[in-house]
Amino acid sequence: MELAIPGTRERPCICKEDWAVADFLKGYDIQTWLESAPQGYLAGTEYGYRPGDREPEVLLEDEALRDQALRTTVQLVVGERCALAASSGLVNAAPDEASKRFLATQTLDEARHVEIFTHRLYALGVRKAELEDVLQQLANPNLVRFAELLLEKVEQKDFVAGVVGQNVILEGMAFNVFEMLHAANADANPKFAHILSGTIADERRHVGFGENRIGSLIREHPERKPDIERLQREMSYYMLATFGEQLRQGPSPEEVRARLAQHGETAPPVEKEWHGVRLGEASPEELEAALYDTILREFKIRLERIGIEYQTPVRP
Ligand SMILES: [Fe+2]
Ligand SMILES: [Fe+2]
């Protein structure tokens, strides 16, 4: 049997075990996934957190703080729904069996992420009947556009573009946002921090697969480089625009501290740092600059590893 050529839609995916690829991806097999995730860092969790943990009361009582938590969580649900649709679609676009099996584990990871972040929306007081309206209302249009672009590639069974869009751009960039959210919530909201730490561990595996598998495919198909670089430029714009807009919304750090004090809550220590920025007192602009710096530094390294040259995004 012949391998389907990655990135073409003319042929149905006639697949076979490619032993060289399977060997190369051995750290990404189902057995490793079972041992490290469900039987490892997720063991004993309930919707991603320690049973009994609760959202802080103040998030449920203070409208502005609740609103900010809802907006953030909605973007997580929208991003994870996109990753679920993409990873499941990519199973049928993958040119080898080992990649299909990895993407099957990723599909379950993404379905879990959709579930745990949706569960958080319910914990923050969203009623099940209003879930879709809340998502519609608060979803960032840039993130929605990103999802449309990515799912177009997946629908065309363009494996290379789909994996670059999902495992390198979406997950590579979101990874730093998850880490920043984790640092900001580690003391103030252990429940949310726990949900995030399991997600970060999953995403690290997804990004690793993307770098490994796509690196080898780009070397085999250098003719794909120009259109992948164009795609990176366009997709990165929508991701960065989403992060910037989300950070600029909601109460300032001073307002958050004042609101917490009103409810008799102690604010997290201002000296808590993330990449040199004091999370408790940084302005949205400072946070945005630190996030962009971190994202772009790590993103450029990832692109380099897969043989793609970073293209600065411009407004499409
Ligand atoms: Fe995810
Ligand atoms: Fe993921």
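Quick note: residue numbers are just sequence positions, from 1. Because only heavy atoms are used, hydrogens play no part in the values below, and waters and symmetry mates are left out as well, while side chains stay in.
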Checklist entry - Transitively linked via ILVMFWY side-chain contacts under 4.5 Å: V126 with L60? => result yes
Checklist entry - CD of E63: more than 12 outside heavy atoms within 6.0 angstrom? => result no
Checklist entry - Just how far is it from atom CG of L287 to atom CE of M180, taken to the nearest 0.5 Å? => result 5.5 Å
Item to check | Polar contact flag, side-chain donor to acceptor under 3.5 angstrom, E61-H263 | outcome: yes
Checklist entry - Between F102 and F209, what is the ring plane arrangement, given parallel below 30°, perpendicular above 60°, and tilted in between? => result parallel
Checklist entry - Taking the six-membered ring of F175, is the NZ or CZ of R204 close enough (under 6.0 Å from the centre) and on axis enough (within 45°)? => result no
Item to check | Intermediate values then yes/no, salt bridge (charged side-chain N to carboxylate O under 4.0 Å, His left out), R81 and E132 | outcome: CA-CA 12 Å; R81 279 188 177 187; E132 295 306 323; 2.8 Å; yes
Next on the checklist: Under a plain distance cut-off of 3.5 Å, with no hydrogens placed, do N140 and E245 share a side-chain donor-acceptor pair?
Outcome noted: yes
Checklist outcome for this item: d(Q166 CD, C82 SG) to nearest 0.5 Å is 7.5 Å
Item to check | Shared hydrophobic cluster for L76 and L108 (ILVMFWY, side-chain gaps under 4.5 Å) | outcome: no
Item to check | Min side-chain heavy-atom separation R224-L231 under 4.5 Å | outcome: no
Next on the checklist: Strictly below 4.0 Å, N to O, side chains only: are E148 and R145 in salt-bridge contact?
Outcome noted: yes
Checklist entry - A290 and V277: which non-hydrogen atoms are nearest, and at how many Å? => result CB-CG2, 3.4 Å
Checklist entry - Could you state the interatomic distance from CG (L260) to CG (D62), rounded to the nearest 0.5 Å? => result 7.5 Å
Checklist entry - Taking C-beta and beyond as the side chain, do W33 and P38 meet within less than 4.5 Å on heavy atoms? => result yes
Next on the checklist: Could you check whether E286 pairs with R278 (Lys NZ or Arg NE/NH1/NH2 to Asp/Glu carboxylate O, under 4.0 Å)?
Outcome noted: no
Checklist entry - Between I195 and H119, is any pair of side-chain heavy atoms under 4.5 Å apart? => result no
Next on the checklist: Is it the case that atom CD in E309 sees more than 12 heavy atoms from other parts of the structure closer than 6.0 Å?
Outcome noted: no
Checklist entry - Are D293 and H275 close enough that some pair of their side-chain heavy atoms sits under 4.5 Å apart? => result no
Next on the checklist: Is it true that, when you exclude Y292 itself, more than 12 heavy atoms of the residues, nucleotides or ligands shown sit nearer than 6.0 Å to its OH?
Outcome noted: yes
Item to check | Hydrophobic cluster identity match, L121 and V177, side-chain contacts under 4.5 Å | outcome: yes
Checklist entry - Would you call E97-K100 a salt bridge at under 4.0 Å N-O? => result no
Checklist entry - Looking at R259 and E255, does any basic side-chain N land under 4.0 Å from a carboxylate oxygen? => result yes
Next on the checklist: For a side-chain contact (heavy atoms from CB on, under 4.5 Å) check, start with the C-alpha distance between K225 and I228, then their side-chain angles and the critical distance, and finish with the verdict.
Outcome noted: CA-CA 5 Å; K225 268 170 89 162; I228 295 298; 5.8 Å; no
Item to check | K153/D158 ion pair, N-O < 4.0 Å | outcome: no
Checklist entry - Do Y122 and K128 pass the side-chain contact (heavy atoms from CB on, under 4.5 Å) test, and can you show the C-alpha distance, the side-chain angles, and the key distance before you say yes or no? => result CA-CA 7 Å; Y122 298 146; K128 289 184 179 168; 3.5 Å; yes
Checklist entry - Are R71 and D67 close enough, and set up right, to give a side-chain contact (heavy atoms from CB on, under 4.5 Å), and what steps lead you there? => result CA-CA 6 Å; R71 275 178 198 283; D67 211 56; 3.6 Å; yes
Item to check | R297 atom CZ, neighbour heavy-atom count above 12 within 6.0 Å | outcome: yes
Checklist entry - Would you say the side chains of H182 and E179 form a donor-acceptor pair under 3.5 Å? => result no
Next on the checklist: Using salt bridge (charged side-chain N to carboxylate O under 4.0 Å, His left out), reason through E298 and R302 one step at a time and then give a plain yes or no.
Outcome noted: CA-CA 6 Å; E298 295 186 12; R302 285 193 189 106; 3.7 Å; yes
Next on the checklist: On a heavy-atom basis, which atom in A174 and which in M239 lie closest, and how many Å separate them?
Outcome noted: N-CE, 4.4 Å
Next on the checklist: Please say yes or no: joined through hydrophobic side-chain contacts below 4.5 Å, possibly via intermediate residues, are M173 and V144 part of one cluster?
Outcome noted: no
Checklist entry - Is a donor on one side and an acceptor on the other found under 3.5 Å between the side chain of Q232 and the backbone of Q311? => result yes
Next on the checklist: Main chain of S99, side chain of R213: is a donor-acceptor contact present, judged purely on distance under 3.5 Å?
Outcome noted: no
Checklist entry - Do D29 and K26 meet the salt-bridge criterion of a basic N to acidic O distance under 4.0 Å? => result no
Checklist outcome for this item: Closest heavy-atom pair, K191 versus A123, reported as atoms and distance to 0.1 Å, is NZ-CB, 3.6 Å
Next on the checklist: Can you confirm whether Q249 is buried at CD, in the sense that more than 12 heavy atoms of other residues, nucleotides or ligands lie under 6.0 Å from that atom?
Outcome noted: yes
Checklist entry - For V207, does its backbone N or O pair with a side-chain atom of E211 as donor and acceptor, under 3.5 Å? => result no
Next on the checklist: Assess whether a salt bridge exists between D202 and R205, defined as any Lys/Arg side-chain N lying under 4.0 Å from an Asp/Glu carboxylate O.
Outcome noted: yes
Item to check | Approximate separation, where rounding is to 0.5 Å, of L303 CG and I169 CD1 | outcome: 7.0 Å
Checklist entry - With a 3.5 Å cut-off and no angle check, do the side chains of E203 and Q106 form a donor-acceptor pair? => result no
Next on the checklist: Hydrophobic clusters here meaning ILVMFWY residues chained together by side-chain heavy-atom distances under 4.5 Å, can you tell me if L181 and L59 are in one?
Outcome noted: yes
Next on the checklist: Show the nearest heavy-atom pair for residues L90 and L103, with the distance to one decimal.
Outcome noted: O-CD1, 3.7 Å
Next on the checklist: With side-chain contact (heavy atoms from CB on, under 4.5 Å) as the criterion, how do V74 and F117 come out once you've worked through the C-alpha distance, each side chain's angles and the decisive distance to 0.1 Å?
Outcome noted: CA-CA 8 Å; V74 161; F117 292 125; over 6 Å; no
Next on the checklist: Would the distance check show the side chain of N189 and the main-chain N or O of N185 forming a donor-acceptor pair, the cut-off being under 3.5 Å?
Outcome noted: no
Checklist entry - Which atom pair, heavy atoms only, marks the closest approach of V78 to A139? => result CG2-CB, 3.8 Å
Next on the checklist: Quick check: closest heavy atoms across T45 and L42, and the distance to 0.1 Å?
Outcome noted: OG1-O, 2.6 Å
Item to check | F146 and Y238 aromatic centres sub-6.0 Å | outcome: no
Item to check | Charged N-O contact under 4.0 Å between R233 and E229 | outcome: no
Item to check | Contact check, side chains of N212 and Y28, non-hydrogen atoms, under 4.5 Å | outcome: yes
Next on the checklist: For a quick check under 3.5 Å, do E110 and H206 share a side-chain donor-acceptor pair by atom type?
Outcome noted: yes
Next on the checklist: Does any part of the side chain of F159, heavy atoms only, come nearer than 4.5 Å to the side chain of L217, both counted from C-beta?
Outcome noted: yes
Checklist entry - Going by heavy atoms in the side chains, are L34 and T105 under 4.5 Å from each other? => result no
Checklist entry - When rounded to the nearest 0.5 angstrom, what is the spacing between CG in N142 and CE in M235? => result 13.5 Å
Next on the checklist: Tell me if the centroids of the rings in H194 and Y49 come within less than 6.0 Å of each other.
Outcome noted: no
Item to check | Donor-acceptor pair, side chain of Q136 and main chain of L131, under 3.5 angstrom | outcome: no
Next on the checklist: Would you compute the distance between atom OG1 of T73 and atom CD of E80 and round it to the nearest 0.5 angstrom?
Outcome noted: 11.5 Å
Next on the checklist: Quick one, I214 and I308 - any side-chain contact, counting heavy atoms below 4.5 Å?
Outcome noted: no
